[in-house]
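Structure first, then comments.
Residues take their numbers from the sequence shown, with the count starting at 1.
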Amino acid sequence: PAARPPLPSPQRRRPQREPRGAGGGRPAGHYMTQEEEWDRDLLLDPAWEKQQRKTFTAWCNSHLRKAGTQIENIEEDFRNGLKLMLLLEVISGERLPKPDRGKMRFHKIANVNKALDYIASKGVKLVSIGAEETSAKEGLLLWCQRKTAPYRNVNIQNFHLSWKDGLGLCALIHRHRPDLIDYSKLNKDDPIGNINLAMEIAEKHLDIPKMLDAEDIVNTPKPDERAIMTYVSCFYHAFAGAEQAETAANRICKVLAVNQENERLMEEYERLASELLEWIRRTIPWLENRTPEKTMQAMQKKLEDFRDYRRKHKPPKVQEKCQLEINFNTLQTKLRISNRPAFMPSEGKMVSDIAGAWQRLEQAEKGYEEWLLNEIRRLERLEHLAEKFRQKASTHEQWAYGKEQILLQKDYESASLTEVRAMLRKHEAFESDLAAHQDRVEQIAAIAQELNELDYHDAASVNDRCQKICDQWDSLGTLTQKRREALERTEKLLETIDQLHLEFAKRAAPFNNWMEGAMEDLQDMFIVHSIEEIQSLISAHDQFKATLPEADGERQAILSIQNEVEKVIQSYSMRISASNPYSTVTVEEIRTKWEKVKQLVPQRDQSLQEELARQHANERLRRQFAAQANVIGPWIQTKMEEIARSSIEMTGPLEDQMNQLKQYEQNIINYKHNIDKLEGDHQLIQEALVFDNKHTNYTMEHIRVGWELLLTTIARTINEVETQILTRDAKGITQEQMNDFRASFNHFDRRKNGLMDHDDFRACLISMGYDLGEAEFARIMTLVDPNGQGTVTFQSFIDFMTRETADTDTAEQVIASFRILASDKPYILADELRRELPPEQAQYCIKRMPPYTGPGSVPGALDYTSFSSALYGESDL
């Protein structure tokens, strides 16, 4: 309400009152009769005229004393127009035309006319109460009702009877300055005391002069409305500045609270990003280390360490990475909602940097697992080859032991013809034996070469042993040739040879070699990876067993030759030894080796059957894993497609969409036990060293990647809806508007992939009433597609529409709020901030505001303009 005095005329128009309804007290006619009676009484009441004069005089003096003067008699002191013009200058803050200083009547009239002309120039009509004054009265009454609403025994309905008990004035003072009055101690039955207390406090502490007498208000049936309005309006003006400062302080507190929360989120992001990147930096070198171990045990330990990393160490980091992306998106949304500049993390800590580091980690992890499995296969192959080498080398060394010494003997020099011939035949048998061992020596050399090519850790000892065998083999060949030549020279001297011994030697040696080969084959180690391979070995073993009867016949034939020799010697009482001079193979040796062959056959049967059982078990593991993987893999793909469709097709309130997505998320979480069970089956397969599975195209790595992607996708989709809710609530966007935005976007998303190209986006804007020129459309595209991708996402579309429809704080509004706290100065002092703001936010401003260096600067002056601009990214602070 304007600070205008009551007009002196008692003739006032009053707004008509509605008559009270049934049961509401006196009839309306009686009320209006009483009003008219009061007005007629006031026309004739000298006391009312005195009160009017006193009130108006006090009101004028409350303004004139600002100019160092006052009036005592309103009729006399305003007669020359000088103080009237001065009063108008104090009230308006403007300079009036220069007054006439003469004392003649026309001078006084001229001054009064200048005052009246000024009043008229401001649109003030000097008549009885009109529409403008009625509006001001209603506004002042509403302000009083709002401020006194919480106080007991106070019910402000007008500007006469509602103020008679003095509690209304006391309530206004207590509402704004509770330190000046104790409202709880006031008594409704002491109206004069209440009014005097309020007036004394107002005059002493609020600079409001005492315009009324408590006795006039209490003892008058209807106190003067204009007088009370004038006095109450002084309270309004006294407290209006405090309310404006409170509003400005609240705005600043709100802005600073948002800024402090954003800074906390930025610091939290930086910390989490640093920790995750440091973990990735430490983990990648470990995964890239390809230093092979020398034993299967050491490589199995590395594989177990890798499983622990997959099961225990990586899953929390996957969750941290997902949460970090969600926090970054939420922070950017809050900054965008509050008109702050986008958050730019420190160098190397962008979401794209973290994604790149994570991709390098995944690549190193994949390569590391493949290397581990290949190394285990290589070591397994090496151990098998090394054992095979040792067995063949031992067999050959046993066979070759002492052969050189025999070949170096010169026993033929003192032997008889029979003995020489026997020596020659024996040597022929040895040559046959030597030729038979040629394949074994070549096998030993080939195995040694393969061990070298596969980088066997003990290749040096293998090479040394192989070299000794080869050197010995060359020596045996040379010695054999020399001995044969010596025997052939003496063969002409020898004529008698026992044919039976010769036949025995010729047949016994190959049979002996066959038995040695059979024993070697029956003890040979084998590695198979399928049921078909072990069945092939079993079939070959069955074929071998089928040849045993024929071999037994040969054994008996050989033994019968020796029996025939002994029979001849015994029959003819010959004095020669029954031993066969042509052969080193004895009958006892044949018997022993044959028994050994018969023992090895069932042992071989048992080992082959055990391996067959193991391969059947491995096949069951393959089928068990495949049965689950072939269900889980399509399930994950189906859920991914459902989430993709839901993000495009979902309608209705965002909260309902959120609940639907949360239900999706819970269903996915509840499915986790199937993944864990599959992990357990996968571990059993790896422990059984099963590396292939023809029953499914899914590997555990496929399932893990799909599962992690599913969790990330549902979390990101939920975050997008949360972002839309934040945008809607912060920008004041209704649910109906959000539904309209979604419907428009889906209509023009022709490919149904959550994106609009530029032409679709232009058509969407035109359908919503935008009149677009090329320049305006280009400007809008820089907002919704800043990276020039050629497409517009739903989130970018929502951000653009909320900017077009919502009202937000700006840097100019914050600067205007600080200017109010600073009493229109271009700077603000620390004491003013501490007085107007809460301690925490006042200290925040003092710490970050730069010194003010502009015109009129004083010590300690702070530049609130630069500070406010910095909050919205409009300066370099």
Checklist entry - Any sub-3.5 Å donor-acceptor pair from D213's side-chain atoms to E215's backbone N or O? => result no
Item to check | Donor-acceptor contact below 3.5 Å, side chain N262 vs main chain K334 | outcome: no
Checklist entry - Rounded to the nearest 0.5 Å, how far does CG of L833 lie from CD1 of I252? => result 7.5 Å
Checklist entry - Is there a side-chain contact between Q260 and E840, using heavy atoms and a 4.5 Å cut-off? => result yes
Checklist entry - How close do A214 and I195 get, heavy atom to heavy atom, and via which atoms? => result CB-CG2, 3.7 Å
Item to check | Rounded distance (nearest 0.5 Å) linking atom CG of L142 with atom CD1 of I156 | outcome: 12.5 Å
Next on the checklist: Is the shortest side-chain heavy-atom distance between E94 and Y118 below 4.5 Å?
Outcome noted: yes
Next on the checklist: Please find the pair of heavy atoms, one from A115 and one from M85, that lie closest to each other, and give the distance.
Outcome noted: CB-CG, 4.1 Å
Next on the checklist: Treating D224 as the side-chain partner and A227 as the backbone partner, does any N or O pair qualify as donor plus acceptor under 3.5 Å?
Outcome noted: yes
Next on the checklist: Students often mix this up, so state it plainly: with edges at 30° and 60°, are the rings of F328 and Y269 parallel, tilted or perpendicular?
Outcome noted: tilted
Next on the checklist: Is the shortest side-chain heavy-atom distance between C253 and L837 below 4.5 Å?
Outcome noted: yes
Next on the checklist: Please report whether the ring centroid of Y864 lies less than 6.0 Å from that of Y827.
Outcome noted: no
Checklist entry - Given the rule in the side-chain hydrogen bond (donor to acceptor under 3.5 Å, both in side chains) test, do S162 and N158 qualify, once you have shown the distances and angles that lead to the verdict? => result CA-CA 6 Å; S162 298; N158 49 54; 3.2 Å; yes
Next on the checklist: For a side-chain hydrogen bond (donor to acceptor under 3.5 Å, both in side chains) check, start with the C-alpha distance between N196 and E200, then their side-chain angles and the critical distance, and finish with the verdict.
Outcome noted: CA-CA 6 Å; N196 284 332; E200 290 171 1; 5.7 Å; no
Next on the checklist: Under a 3.5 Å distance rule, please check whether R819 uses its side chain to pair with a backbone N or O of D824 as donor and acceptor.
Outcome noted: no
Item to check | H174 and Y151 aromatic centres sub-6.0 Å | outcome: yes
Checklist entry - Hey, does K210 have a side-chain heavy atom less than 4.5 Å from the side chain of Y231? => result no
Checklist entry - At what distance, to the nearest 0.5 angstrom, does CD1 of I192 lie from CD1 of I217? => result 10.0 Å
Next on the checklist: Using every non-hydrogen atom in the two residues, find where F239 and L172 come nearest and quote the distance to one decimal.
Outcome noted: CE1-O, 3.8 Å
Next on the checklist: Using 0.5 Å steps for rounding, measure from the CD atom of Q70 to the NE2 atom of H63.
Outcome noted: 14.5 Å
Checklist entry - Quick one: do the N155 and Q157 side chains pair a donor with an acceptor below 3.5 Å? => result yes
Checklist entry - Any donor-acceptor pair under 3.5 Å linking the side chain of E89 with the backbone of L96? => result yes
Item to check | Non-hydrogen side-chain atoms of T330 and L265 separated by less than 4.5 Å | outcome: no
Item to check | Side chain T148, main chain C144, donor-acceptor under 3.5 Å | outcome: yes
Checklist entry - Please walk me through it: do S866 and D863 pass side-chain hydrogen bond (donor to acceptor under 3.5 Å, both in side chains)? => result CA-CA 6 Å; S866 298; D863 189 350; 2.8 Å; yes
Item to check | N194 side-chain N/O to L167 backbone N/O, donor-acceptor pair under 3.5 Å | outcome: no
Next on the checklist: Is it true that, when you exclude R271 itself, more than 12 heavy atoms of the residues, nucleotides or ligands shown sit nearer than 6.0 Å to its CZ?
Outcome noted: yes
Checklist entry - Is any side-chain N of the basic residue among R177 and D179 closer than 4.0 Å to the acidic one's carboxylate O? => result yes
Next on the checklist: Which heavy atom of K222 sits nearest to which heavy atom of L161, and what is that distance?
Outcome noted: CA-CD2, 4.2 Å
Item to check | Closest heavy-atom pair and its distance - A238, L206 | outcome: CB-O, 4.5 Å
Next on the checklist: Between Y852 and T865, is there a side-chain donor-acceptor contact under 3.5 Å, judged purely by atom types and distance?
Outcome noted: no
Item to check | Side-chain heavy atoms of K188 within contact of R152, under 4.5 Å | outcome: no
Checklist outcome for this item: In this structure, OG1 of T333 is separated from CG of N719 (nearest 0.5 Å) by 7.0 Å
Checklist entry - Should the pair R264-E261 be classified as a salt bridge under the 4.0 Å nitrogen-to-oxygen rule? => result yes
Next on the checklist: I need the C170 SG to L186 CG distance, nearest 0.5 Å.
Outcome noted: 4.5 Å
Next on the checklist: If you define the side chain from C-beta out and look only at heavy atoms, does anything of S868 sit under 4.5 Å from F818?
Outcome noted: yes
Checklist entry - Which atom pair, heavy atoms only, marks the closest approach of L197 to I181? => result CD2-CD1, 3.9 Å
Item to check | Pairwise side-chain contact, C845 with L256, heavy-atom cut-off 4.5 Å (strictly under) | outcome: yes
Checklist entry - Is R848 paired with E263 through a side-chain N to carboxylate O contact shorter than 4.0 Å? => result yes
Next on the checklist: Regarding N327 and Q323, do their side chains bring together a donor and an acceptor under 3.5 Å, going by distance alone?
Outcome noted: yes
Next on the checklist: Below 30° counts as parallel, above 60° as perpendicular, anything between as tilted: where do the rings of Y844 and F867 land?
Outcome noted: perpendicular
Checklist entry - If you draw a 6.0 Å radius around CD in E268, do more than 12 non-hydrogen atoms from other residues or ligands fall strictly inside? => result yes
